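Worksheet: the structure to be examined is printed underneath.
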Amino acid sequence: MPELPEVENVRQGLERLIVGQKIKAVNVLWSNIIKDPTVEDFKQNLIGETFLSINRRGKFLLFETTDYIVISHLRMEGKYKLESEEHPPTKHTHVIFSLNNGKELRYLDVRKFGKMSLVEKSKAYEHPSLRSLGPEPNEELTLSHVSAFLRNRKRSIKACLLDQKMVAGIGNIYADEILFASGIHPERQGHTLSSTEQKKLKEAIVTIMKKAVEAGGTTIRTYANAFGDSGSFQNQLMVYGKEGEPCPNCQTAFIKTKVAQRGTHYCPLCQK
DNA sequence: CCAGCAGCCTGTGCGC
DNA sequence: TGCGCACAGGCTGCTG
């Protein structure tokens, strides 16, 4: 589920559910989820800490506790659920934070791709995961940043959009939607965009990401009752997953190919 | 520095 | 029904 709009949706839910709760115990059932420090330090340092706020940077969730920040990335299929401690965890549950109120904040991840790091509060933004992230796709994103990034950039514009250094939070679905809205072919080399196209692209990034957040994100494969999996932006998708369907502008069938090693949907006529 | 690709994992859907 | 393969909303680390 996780591109920025989905992560933001999860963040809002978690904020309501766990802020103010104290951590009684931490259980790690799949240690590769914990990137740093060691699993033992991760657990020990968090016991006794209280969740103060839940923030987000790009696709990363930032759980602020009394002294630390848990940096959490859901990757492809990570999810958080708040469940009662009596409710037995499934085989896809990998990290469990037991809370004072008898509930457990559980991290589930079928593919086990997700990662968590624990850092001291003052050092959070120096962490390698966050250090080189580009601007958020809102007013922070300026045209001069976009054009500086694209300058001399030989890779495809699709690869550029997926690069979190250009803009933080765009993933495969929104990259395709943004390029369709901008009328730009996904295989165009970054440096070939005219200033008009750069402007169009920047506007599309900001509007589409904003709309997707407002819609609560996109739910594609419907995993049963996954926490925060309630978005409706899938109803507003124009190209993603629409291969073979007619483009609403020109009636040409949408094409699906592979660009930057990712499934890529576009209109061969409208996107130049 | 950049681009391409394997690796990390499991599940699903398709063709045979 | 079973098998093998391709594919899936992401990132990191290695190679040339």
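Bear in mind the structure is a predicted one, so any value in this text is a computation, not a measurement. These numbers come from the heavy atoms of this one structure, side chains and all, not from hydrogens, waters or symmetry mates. Below, chains carry the letters A, B, ... as their sequence lines are ordered, and counting in each starts from 1.
The hydrophobic cluster containing A:F60 also includes A:L62, A:I69, A:I71, A:V119, A:Y125, A:L130, A:L133, under a criterion of side-chain heavy atoms closer than 4.5 Å among ILVMFWY residues, counted directly or through chains of members. In the hydrophobic clustering (ILVMFWY side chains linked at under 4.5 Å, chained through shared members), A:I255 is joined by A:Y266.
At the phosphate of C:dG10, neither OP1 nor OP2 sits under 4.0 Å from any side-chain N or O atom of A:H73. Residue A:R262 places at least one side-chain N or O closer than 4.0 Å to OP1 or OP2 of C:dG10. Remark: A:K59 is in phosphate contact with C:dG10, judged by side-chain N or O atoms under 4.0 Å from OP1 or OP2. Checking the phosphate oxygens (OP1, OP2) of B:dC2, a side-chain nitrogen or oxygen of A:R153 falls inside 4.0 Å. Under 4.0 angstrom from either OP1 or OP2 of B:dC9 there lies no side-chain N or O belonging to A:H94. Note on A:Q164: a side-chain N or O is less than 4.0 Å away from OP1 or OP2 of C:dC11.
Distance from the side chain of A:K112 is smallest to B:dT10 among C:dG10, B:dT10, C:dA8. Of the candidate nucleotides C:dG10, C:dC7, B:dC9, C:dG10 has the atom lying nearest to any side-chain atom of A:M76. Here the side chain of A:H92 is nearest to one of C:dG9, B:dG11, C:dC11, namely B:dG11. Among the nucleotides C:dG10, B:dC9, B:dG11, the one closest to any side-chain atom of A:V110 is B:dG11. Residue A:K256 places its side chain closer to C:dA8 than to any other of C:dA8, B:dC9, C:dC11. Comparing atom distances between the A:K91 side chain and each of C:dG9, B:dG11, B:dC9 picks out B:dG11 as nearest.
Legend: residues meeting side-chain contact (heavy atoms from CB on, under 4.5 Å) with A:F149, ordered by chain and number and at least two apart, are A:R153, A:C160, A:D163, A:K165, A:M166. Evaluation of the side-chain hydrogen bond (donor to acceptor under 3.5 Å, both in side chains) rule for A:E8 yields A:R11, A:Q12, A:R56 as partners, not counting sequence neighbours. In this structure A:T252 satisfies the side-chain hydrogen bond (donor to acceptor under 3.5 Å, both in side chains) test with no other residue, sequence neighbours excluded. Evaluation of the side-chain hydrogen bond (donor to acceptor under 3.5 Å, both in side chains) rule for A:E140 yields no partner, not counting sequence neighbours.
Across residues 128-136 of chain A, not one residue has a non-hydrogen atom less than 4.0 Å from an atom of DNA chain B. Scanning residues 170-184 of chain A for heavy-atom distances under 4.0 Å to DNA chain C yields A:G171, A:N172, A:I173.
Evaluation of the salt bridge (Lys or Arg N to Asp or Glu O under 4.0 Å) test over residues 179-188 of chain A, restricted to residues two or more places apart or in two chains, returns A:R188-A:E197. Applying the side chain to side chain donor-acceptor pair (under 3.5 Å) test to every pair with at least one member in residues 26-37 of chain A, sequence neighbours left out, gives these pairs: A:K35-A:S129, A:D36-A:S117, A:D36-A:H127.
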What nitrogen or oxygen pairs link the protein and nucleotides 4-6 of chain B at under 3.5 Å?
residue	atom	partner	partner atom	Å
B:dC5	OP2	A:Q261	OE1	3.2

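The aromatic rings of A:F97 and A:F63 lie parallel to each other, with less than 30° between the two planes, well short of the 60° mark.
In DNA chain C, runs of at least 3 stacked Watson-Crick or G-U pairs (N1-N3 plus N6-O4 or O6-N4, or N1-O2 plus O6-N3, all under 3.5 Å) give these stems: B:2-8 with C:10-16, B:10-16 with C:2-8.
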